[in-house]
K.L.:
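What follows is a structure written as structure tokens; I'll ask about it next.
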Amino acid sequence: MFSNVSNFRDRYQHAHNKINWHIPDPIKRGRFLDVGCGTGNGVAAAAAHGASLAVGIDRSFGEFGHEFNVDEFPDLCDAVGSNTDSALLLEGNIFDLKMPFPGFDYAMMLDSAEHVPDLERIIKWTSDSLRPGGYLLLDTCPLFYSPVGSHLWHWFPEASDPWAHLKPGFEQRCHDAGIDAWNMDRYRELNKVTHQQIVDMFVGTGFEIIEEHRSKTNPEREALFQRFGSDIDLSTIQKEWLFEDWILLVGRKI
Ligand SMILES: C[S@@+](CC[C@H](N)C(=O)[O-])C[C@H]1O[C@@H](n2cnc3c(N)ncnc32)[C@H](O)[C@@H]1O
């Protein structure tokens, strides 16, 4: 098989755990929508939880073309013990869709929220695609202002080069490091949303928040800031944003 089974298994397990821990049992067996589904790991996970329909949408299944071939999705599901009986993968840019999907019971945005240019519009579209009482589970990778918020952690590790992207000369450093075009494109498309803005988007698009977990600062992070933070321009960036890695929200559509 061309696809990287081990990476798929890891991503599948990640999605499986999130659904397991944060979505109530009867909802898990309903109709599931994965927004920015990538390799379909969330779709496979929802199918394994017994979703009656598991739909994933992504703007391009070539996104992970170096390690994923969408034609092998059924074999990947087999490899992790899931199945494609209720699964559907759709290729399409959500911003191009003319209308929401009808009446899903739950939706997930797993590590996709920080990658879209207009997050509020996507959350609104997702809300419109849920039935009243439907759930949205959103979980992020490091947000932009956090130590590895560039997502270029292979080149700028948290322990030795945190917040590199918030300091002068970053583009030149990327060029000097020989970072490839794919990774630079992924970096440039990141949005700059903060914890509070995402919470506000949930509430503003008609969700009641029923679970909220946020990463917080700690003494190690403060020490990191003391050591590496001096040339970050804090006239435009609030210091608390520098410690905002991930946020996990579960909302119920009112
Ligand atoms: C970091 S990946 C996460 C994939 C998957 N959710 C996972 O858990 O591995 C973010 C995904 O969001 C997708 N995406 C970004 N903008 C999108 C859009 N406007 N419409 C649909 N998908 C989008 C990207 O193509 C990418 O596959």
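Residues: numbered from 1 along the sequence shown.
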K.L.:
What ring-ring contact (aromatic ring centres under 6.0 Å, His included) pairs are there with at least one residue in residues 114-139, not counting sequence neighbours?
P.N.:
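Non-adjacent pairs meeting ring-ring contact (aromatic ring centres under 6.0 Å, His included): Phe101-Trp125, His115-His151.
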
K.L.:
Quick one: CD on Glu72 to CG on Asn4, what's the gap to the nearest 0.5 Å?
P.N.:
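Result: 11.0 Å between the selected atoms.
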
K.L.:
Hey, is Glu211 close enough to Arg252 for a salt bridge, meaning N to O under 4.0 Å?
P.N.:
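Salt bridge between Glu211 and Arg252, a charged N being under 4.0 Å from a carboxylate O: no.
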
K.L.:
Do Leu53 and Val35 share a hydrophobic cluster (ILVMFWY, side-chain heavy atoms under 4.5 Å, transitive)?
P.N.:
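Yes, one cluster joins them.
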
K.L.:
Restricting to non-hydrogen atoms, name the atom on Phe95 and the atom on Arg121 that form the minimum distance, rounded to 0.1 Å.
P.N.:
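Reported closest heavy-atom pair: O-NH2, 3.1 Å.
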
K.L.:
Might you confirm whether atom NE2 of His66 has over 12 heavy atoms from other residues, nucleotides or ligands at distances under 6.0 Å?
P.N.:
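Enclosed: over 12 neighbouring heavy atoms sit under 6.0 Å from NE2 of His66.
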
K.L.:
Give the C-alpha distance, both sets of side-chain angles, the deciding distance and a yes or no for side chain to side chain contact (heavy atoms under 4.5 Å, CB included) between Leu248 and Leu137.
P.N.:
CA-CA 7 Å; Leu248 185 148; Leu137 163 58; 4.1 Å; yes

K.L.:
For the residue pair Cys77 and Ala44, what are the closest heavy atoms and their distance?
P.N.:
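Looking at all heavy atoms of both residues, the closest pair is SG-CB, 3.8 Å.
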
K.L.:
So, are Arg59 and Glu189 salt-bridged, with charged N and O less than 4.0 Å apart?
P.N.:
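A salt bridge links Arg59 with Glu189.
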
K.L.:
Under 4.0 Å between a side-chain nitrogen and a carboxylate oxygen: does that hold for Arg173 and Glu171?
P.N.:
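No, no charged N to carboxylate O under 4.0 Å.
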
K.L.:
Taking it one step at a time, do Glu244 and Ser146 satisfy side-chain hydrogen bond (donor to acceptor under 3.5 Å, both in side chains)?
P.N.:
CA-CA 5 Å; Glu244 294 188 348; Ser146 67; over 6 Å; no

K.L.:
Can the positive tip of Lys192 be found less than 6.0 Å from the middle of the six-membered ring of Phe144, inside 45° of the ring normal?
P.N.:
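Yes, a cation-pi geometry holds between Lys192 and Phe144.
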
K.L.:
Take the angle between the ring planes of Tyr12 and Phe8 and call it parallel below 30°, perpendicular above 60°, tilted in between.
P.N.:
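Ring orientation, 0 to 90° scale: parallel.
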
K.L.:
Just so I know, are the side chains of Phe225 and Ser230 near enough to count as touching, which here means a heavy-atom distance under 4.5 Å?
P.N.:
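Sidechains of Ser230 and Phe225: no contact.
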
K.L.:
Between Asn17 and Asn20, is there a side-chain donor-acceptor contact under 3.5 Å, judged purely by atom types and distance?
P.N.:
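Asn20 vs Asn17: no donor-acceptor pair found between side chains.
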
K.L.:
With distance as the sole criterion, is a donor-acceptor pair present between the side chains of Thr140 and Glu114 under 3.5 Å?
P.N.:
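No, no side-chain donor-acceptor contact under 3.5 Å.
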
K.L.:
How many angstroms lie between SG in Cys37 and CG in Leu88, if you round to the nearest 0.5 Å?
P.N.:
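Reported to 0.5 Å precision, the distance equals 9.5 Å.
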
K.L.:
Determine whether Arg227 and Glu222 satisfy the following criterion, salt bridge (charged side-chain N to carboxylate O under 4.0 Å, His left out), listing intermediate values before the conclusion.
P.N.:
CA-CA 9 Å; Arg227 185 155 171 228; Glu222 287 292 340; over 6 Å; no

K.L.:
Look only at the side chain of Ser129 and the backbone of Pro100, and say whether a donor-acceptor pair between them is shorter than 3.5 Å.
P.N.:
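No: the side chain of Ser129 does not pair with the backbone of Pro100.
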
K.L.:
For residues Ala113 and Asn191, report the shortest heavy-atom separation together with the two atoms involved.
P.N.:
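Nearest pair, atom of Ala113 first, then Asn191: O-ND2, 2.9 Å.
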
K.L.:
Kindly compute the distance separating CD1 (Ile27) from NE2 (His22), expressed to the nearest 0.5 Å.
P.N.:
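Going from CD1 on Ile27 over to NE2 on His22, the span is 15.5 Å.
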
K.L.:
I would like to know whether Arg221 and Glu158 meet side chain to side chain contact (heavy atoms under 4.5 Å, CB included); could you show each step before the answer?
P.N.:
CA-CA 10 Å; Arg221 278 293 172 82; Glu158 171 162 346; 2.9 Å; yes

K.L.:
For the residue pair Arg214 / Gln196, report whether a side-chain donor-acceptor contact shorter than 3.5 Å exists.
P.N.:
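Distance-only check passes for Gln196 and Arg214.
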
K.L.:
Distance-only, no hydrogens or angles: does the Arg31 side chain make a donor-acceptor pair with backbone N or O of Leu130 under 3.5 Å?
P.N.:
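Checking the backbone N and O of Leu130 against the side chain of Arg31, no donor-acceptor pair under 3.5 Å is found.
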
K.L.:
So do Thr126 and Ile123 actually touch side chain to side chain, heavy atoms under 4.5 Å?
P.N.:
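No - every pair of side-chain heavy atoms lies 4.5 Å or more apart.
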
K.L.:
Measure the shortest side-chain to side-chain distance between Tyr106 and Asp34 over non-hydrogen atoms and say whether it is less than 4.5 angstrom.
P.N.:
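When only atoms from C-beta onward are counted, Asp34 and Tyr106 do not touch, as no gap falls below 4.5 Å.
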
K.L.:
Is it the case that one hydrophobic cluster holds both Phe73 and Val55, taking links as side-chain heavy atoms less than 4.5 Å apart, direct or via other members?
P.N.:
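No, it is not one cluster - the side chains of Phe73 and Val55 are not joined through contacts under 4.5 Å.
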
K.L.:
Looking only at heavy atoms, what is the nearest atom pair of Ala87 and Val43, with distance?
P.N.:
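In this case the closest contact between Ala87 and Val43 is CB-CG1, 3.7 Å.
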
K.L.:
What's the separation between atom OG in Ser112 and atom CG in Leu138, rounded to the nearest 0.5 Å?
P.N.:
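The OG atom of Ser112 sits 7.0 Å away from the CG atom of Leu138.
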
K.L.:
Rounded to the nearest 0.5 Å, what separates atom CD1 in Ile122 from atom CG in Leu97?
P.N.:
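Separation between the atoms: 9.0 Å.
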
K.L.:
Spell out, yes or no, whether Leu152 and Leu190 are grouped together once hydrophobic residues are joined by side-chain heavy atoms under 4.5 Å, including indirect joins.
P.N.:
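Leu152 clusters together with Leu190.
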
K.L.:
Hey, are His195 and Gln197 close enough side-chain-wise for a donor-acceptor pair under 3.5 Å?
P.N.:
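Short answer, no.
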
K.L.:
Is any side-chain heavy atom of Pro142 less than 4.5 Å from a side-chain heavy atom of Trp153?
P.N.:
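Yes; the side chains approach each other to less than 4.5 Å.
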
K.L.:
Examine distances only and state if a side-chain atom of Lys28 and a backbone atom of Ile23 form a donor-acceptor pair shorter than 3.5 Å.
P.N.:
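Yes; at least one donor-acceptor contact below 3.5 Å.
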
K.L.:
Kindly indicate whether the side chain of Val193, heavy atoms from C-beta on, has any atom under 4.5 Å from the side chain of Met201.
P.N.:
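Sidechains of Met201 and Val193: in contact.
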
K.L.:
Run the side chain to side chain contact (heavy atoms under 4.5 Å, CB included) check on Glu212 and Val199 step by step: do they pass?
P.N.:
CA-CA 9 Å; Glu212 179 179 337; Val199 171; 3.9 Å; yes

K.L.:
Is a side-chain donor or acceptor of Asp180 paired with a backbone partner of Asn183 at a separation under 3.5 angstrom?
P.N.:
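Looks like yes, one N/O pair under 3.5 Å.
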
K.L.:
So does Asp245 get a backbone contact from the side chain of Ser215, meaning a donor-acceptor N/O pair under 3.5 Å?
P.N.:
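Yes; judged by distance alone, with no hydrogens or angles, the pair exists.
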
K.L.:
Between Leu76 and Asn41, is any pair of side-chain heavy atoms under 4.5 Å apart?
P.N.:
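Sidechains of Asn41 and Leu76: no contact.
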
K.L.:
Centres of the Phe156 and Phe170 rings: under 6.0 Å?
P.N.:
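Centroid distance Phe156-Phe170: below 6.0 Å, so yes.
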
K.L.:
Using salt bridge (charged side-chain N to carboxylate O under 4.0 Å, His left out) as the criterion, list what pairs up with Asp71, not counting sequence neighbours.
P.N.:
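Partners of Asp71 by the salt bridge (charged side-chain N to carboxylate O under 4.0 Å, His left out) criterion come out as none, since no residue qualifies.
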
K.L.:
What closest approach, in Å, do His49 and His16 show between heavy atoms, and which atom pair accounts for it?
P.N.:
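Closest approach of His49 to His16, heavy atoms only: NE2-O, 3.1 Å.
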
K.L.:
Decide yes or no for Arg11 and Asp111: does some side-chain heavy atom of the first lie under 4.5 Å from some side-chain heavy atom of the second?
P.N.:
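Result yes, sub-4.5 Å side-chain heavy-atom pair found.
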
K.L.:
Are His14 and Asp139 side-chain neighbours, meaning at least one heavy-atom pair lies under 4.5 Å?
P.N.:
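In short, these two side chains touch, coming nearer than 4.5 Å.
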
K.L.:
How close do Pro147 and Leu242 get, counting heavy atoms only, and between which atoms?
P.N.:
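For Pro147 versus Leu242, the nearest heavy atoms are CD-O, 3.3 Å.
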
K.L.:
Go through it in stages, so that I can follow the logic: the residues are Lys124 and Glu120, the test is salt bridge (charged side-chain N to carboxylate O under 4.0 Å, His left out), and I'd like the CA-CA distance, side-chain angles, deciding distance and then a yes or no.
P.N.:
CA-CA 6 Å; Lys124 172 80 170 72; Glu120 187 162 20; over 6 Å; no

K.L.:
Does Leu119 form a side chain to side chain contact (heavy atoms under 4.5 Å, CB included) with Met109? I'd like the steps, not just the answer.
P.N.:
CA-CA 11 Å; Leu119 178 58; Met109 293 189 73; 4.0 Å; yes

K.L.:
If you group Ile, Leu, Val, Met, Phe, Trp and Tyr by side-chain heavy-atom gaps below 4.5 Å, do Trp182 and Trp155 land in one group?
P.N.:
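Per the 4.5 Å side-chain linkage, Trp182 and Trp155 are not co-clustered.
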
K.L.:
Find out if a path of hydrophobic residues (ILVMFWY) with successive side-chain heavy-atom gaps under 4.5 Å connects Met1 to Val70.
P.N.:
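In one cluster: yes.
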
K.L.:
Please, which pairs that meet ring-ring contact (aromatic ring centres under 6.0 Å, His included) have at least one residue in residues 228-254, sequence neighbours excluded?
P.N.:
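Applying ring-ring contact (aromatic ring centres under 6.0 Å, His included) to every pair that reaches into residues 228-254, excluding sequence neighbours, yields Tyr145-Trp241.
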
K.L.:
Going by an N to O cut-off under 4.0 Å, is there a salt bridge joining Asp233 and Lys167?
P.N.:
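Looking at Asp233 and Lys167, the cut-off is not met.
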
